[in-house]
Number of protein chains: 2
Amino acid sequence: MTGSTRSDFRISTLRQACTHCSLNQLCLPMSLSEADIEQLDAIVERRKPLDRGGHLYRAGDSFRAIYAVRSGSLKTYTTADNGEEQVTGFHLPGELVGLDAINSWVHPCGASALETTSVCELPFEELENLAADIPGLQRQLFRLMSREIFADQEMLFAMARRSAEERLAMLLLSFSDRFGRRGLSPSRFRLPMARTELGNYLGLAPETMSRLFRRFQEQGWLEADGREINLLDVPTLRELSGRGGEEAAGGQCHPVPE
Amino acid sequence: MTGSTRSDFRISTLRQACTHCSLNQLCLPMSLSEADIEQLDAIVERRKPLDRGGHLYRAGDSFRAIYAVRSGSLKTYTTADNGEEQVTGFHLPGELVGLDAINSWVHPCGASALETTSVCELPFEELENLAADIPGLQRQLFRLMSREIFADQEMLFAMARRSAEERLAMLLLSFSDRFGRRGLSPSRFRLPMARTELGNYLGLAPETMSRLFRRFQEQGWLEADGREINLLDVPTLRELSGRGGEEAAGGQCHPVPE
DNA sequence: CGACATTTTGACGGTCTTCAAGACAGGTGG
DNA sequence: CCACCTGTCTTGAAGACCGTCAAAATGTCG
């Protein structure tokens, strides 16, 4: 009885195909034909979920594959000589991690789970071969990498020229967009990471984060109860973030015109 | 007489082939066969040199091609709503620009020449087609994009966690590496951009840059006469930059093992 | 030479960090 | 059920670092 249930559970998770995945418009298969998606499916490996804090890979690990987040969330981070850590990105379902390792075949950043998280593993050598055969896939890969470059540059701009307030506004809107894109509420959501980690990502001390959240609440821009966020005044936040109608940085989610 | 000379000049510049280009180990052709390089050669368009301040493309221009710097140098930059400018990168011979536009087919940043600069134009649609046929080219493109992602993340780290001093040390070492890689002196070089632009890139005010350079000279770490730089104490700079033996960020130059 | 941009210098102030302490939450074991 | 503990968050006070402002000096190019 129990054995049967467990077995069913594992089969149903492990055999989830790209075709039926609700994220396939965010992830690689976008704009591929059914037949192409099946080819892609054949090389995708599903792994058992990671527990909170578990590592998908560590900095220095040799590179084998890139990963698409299926559920849960990840952070990627580097560690400096002196041991201080810098979060380089948060990754939600439908987003890819590991693209920064293609050049050197070694992961320059570690990736760990912020909560229970499952990913699809895309062995890179096979993905490359497939990309040479399927023009749409090659193009999609170029695009996703380009998008990441663009997002990193936006983030760079933010770090160089924007105040703490503006940076937090940007980040909140980035999450808002990314949740919205998955059909979740763009105004009410639960952040999967601690304030400390948000602050680390934004280059701000935890104390500053605390004060910022208080100020944002006093201004009536949002309600925050721990990790539970409720955005009340998106227009003001958008104005603060400095880039009116444009996409917020900090993630891999941007519109994809053809 | 004059007509003949001018004509010769133009032919010799315009017909310079990748095979004979001294930069081909920095740029795309790396590790391609002679035959493959010839195919690449066929799609490369050489343009007439840009004058200082001239634009290769502007933010908002539609994307047609990526470009490899052949001689001279470029900066890429974004402009915010309020008009303030942020330099997103400096690009020396052998480096590519325009990769951030692949995703949206619109250039999110402008690119302008810091001095008289010539580039090779690589029409992207044709490059994509060629990449599907030549596995080595596809791989090289993935690599170069990955390298850029990595470099941007390093830069992000610097902006988030490093002091003005540390950032300047990083940048100087980045230029040192990049000049060195081209066979020039890694300790004596002429920066192609103004202090103001360096500062803009690093997220620092011009006044701060001035004070930094003075402090660095007082410490005996370098000599600077305008844009002419002479690094005197690379080990100390390297220690300051926080990443001992590793690559400095801020550019597209990293070792490429196979 | 003369107009203009870039760089330098000094004084001052704001933003964010750091340090130190206390509040709160979630989980564990008695 | 409560005491305990650890990690996270909050709050306050002090100070560092860098930005801003203003003005002079230097450099650059027509």
Side-chain angles (χ1 to χ4, degrees), chain A residues 51-53 75 80 82 84-87 112 114-116 157-171 190-219 222-229 240 242, chain B residues 51-54 75 80 82-87 112-116 157-171 190-218 222-229 240 242:
Chain A
D51 290 331
R52 174 184 155 79
K75 70 170 178 184
N82 53 19
E84 64 181 346
E85 199 175 291
Q86 166 69 30
V87 175
S112 72
L114 295 166
E115 57 196 313
T116 304
F157 180 97
M159 303 294 262
R161 297 232 116 43
R162 303 232 161 287
S163 69
E165 246 180 21
E166 294 168 323
R167 283 186 236 172
L168 179 55
M170 280 184 56
L171 187 60
R190 182 184 174 75
L191 294 173
M193 71 293 289
R195 295 279 154 88
T196 313
E197 286 169 315
L198 282 181
N200 183 305
Y201 178 60
L202 294 176
L204 300 170
E207 296 91 331
T208 308
M209 290 304 288
S210 179
R211 289 185 250 264
L212 278 176
F213 269 96
R214 183 157 54 77
R215 219 182 308 163
F216 275 39
Q217 293 190 74
E218 284 167 4
Q219 300 287 337
L222 56 75
E223 279 169 9
D225 177 25
R227 298 180 174 185
E228 217 69 53
I229 304 291
L240 246 187
Chain B
D51 290 331
R52 174 185 155 81
K75 70 169 178 183
N82 52 21
E84 62 180 349
E85 200 175 291
Q86 166 69 30
V87 175
S112 71
L114 294 166
E115 57 196 313
T116 304
F157 180 98
M159 303 294 264
R161 298 236 106 57
R162 302 233 160 288
S163 69
E165 245 180 22
E166 294 168 323
R167 283 185 236 171
L168 179 56
M170 281 184 56
L171 187 62
R190 181 183 175 76
L191 295 173
M193 72 293 290
R195 295 278 154 87
T196 313
E197 288 168 315
L198 281 180
N200 183 305
Y201 178 60
L202 294 175
L204 299 170
E207 295 92 331
T208 306
M209 290 303 289
S210 176
R211 288 185 251 265
L212 279 176
F213 269 95
R214 184 158 53 80
R215 218 182 309 163
F216 275 40
Q217 293 190 74
E218 285 168 4
L222 57 76
E223 278 170 8
D225 176 25
R227 297 181 173 185
E228 218 67 56
I229 303 292
L240 245 188

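Every chain is numbered from 1, with letters handed out A, B, ... down the list of sequences.
Under the 4.0 Å criterion applied to side-chain N and carboxylate O atoms, A:Arg52 and A:Glu115 are not assigned as salt-bridge partners. Ion pairing between B:Glu218 and B:Arg211 fails under the 4.0 Å rule for side-chain N and carboxylate O. By the 4.0 Å N-to-carboxylate-O rule, B:Arg195 lies too far from B:Glu207 to be salt-bridged with it. Under 4.0 Å is where a charged nitrogen must lie from a carboxylate oxygen, and between B:Lys75 and B:Glu85 at least one such pair does.
For A:Ser163, counting side-chain heavy atoms from C-beta on, the closest listed nucleotide (C:dA11, C:dC16, C:dT18) is C:dC16.
One can find a donor-acceptor pair under 3.5 Å joining the base of C:dT18 and the side-chain atoms of A:Arg211. Contact of A:Glu207 with C:dC19 (side chain to base): a donor-acceptor pair of N or O atoms is detected under 3.5 Å.
Atoms CZ (B:Phe213) and P (C:dT7) sit 9 Å apart, rounded to a whole Å. Between A:Asp225 atom CG and C:dC24 atom C1' the separation is 12 Å, expressed in whole Å. Atom CG of A:Asn200 is separated from atom C1' of C:dC16 by 16 Å (rounded to the nearest Å). Atom P of nucleotide D:dG19 and atom CG of B:Leu202 are separated by 10 Å, given to the nearest angstrom. The distance between atom CE of A:Met159 and atom C1' of C:dT15, rounded to the nearest whole Å, is 15 Å. When rounded to the nearest whole Å, the span between CZ of A:Arg215 and C1' of C:dT15 equals 9 Å. Atom CZ in B:Arg161 sits about 16 Å away from atom P in D:dC17, given to the nearest Å. Distance B:Leu212 CG to C:dT7 P: 14 Å, rounded to the nearest Å.
Of the possible polar contacts, one joining the B:Arg161 side chain to the A:Asn200 backbone as a donor-acceptor pair under 3.5 Å is found. Under the 3.5 Å distance criterion, the side-chain polar atoms of A:Arg190 are left unmatched by any main-chain donor or acceptor of A:Arg227.
Distances shown here put a side-chain N or O of B:Thr208 below 4.0 Å from the OP1 or OP2 atom of D:dG19. In this model, the phosphate group of D:dT11 is approached by a side-chain N or O of A:Arg214 to a distance below 4.0 Å at OP1 or OP2.
In this structure the side chain of A:Phe213 never reaches within 4.5 angstrom of the side chain of A:Thr208, judged on heavy atoms.
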Please list, pair by pair, any protein nitrogen or oxygen found under 3.5 Å from a nitrogen or oxygen in nucleotides 5-8 of chain D.
none

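Each of A:Ser210 and B:Arg167 was matched to the nucleotide of DNA chain D holding its nearest heavy atom; the match closer to the 5' end belongs to A:Ser210.
Note on A:Gly199: nothing from the nucleic acid sits closer than 4.0 angstrom, heavy atoms only.
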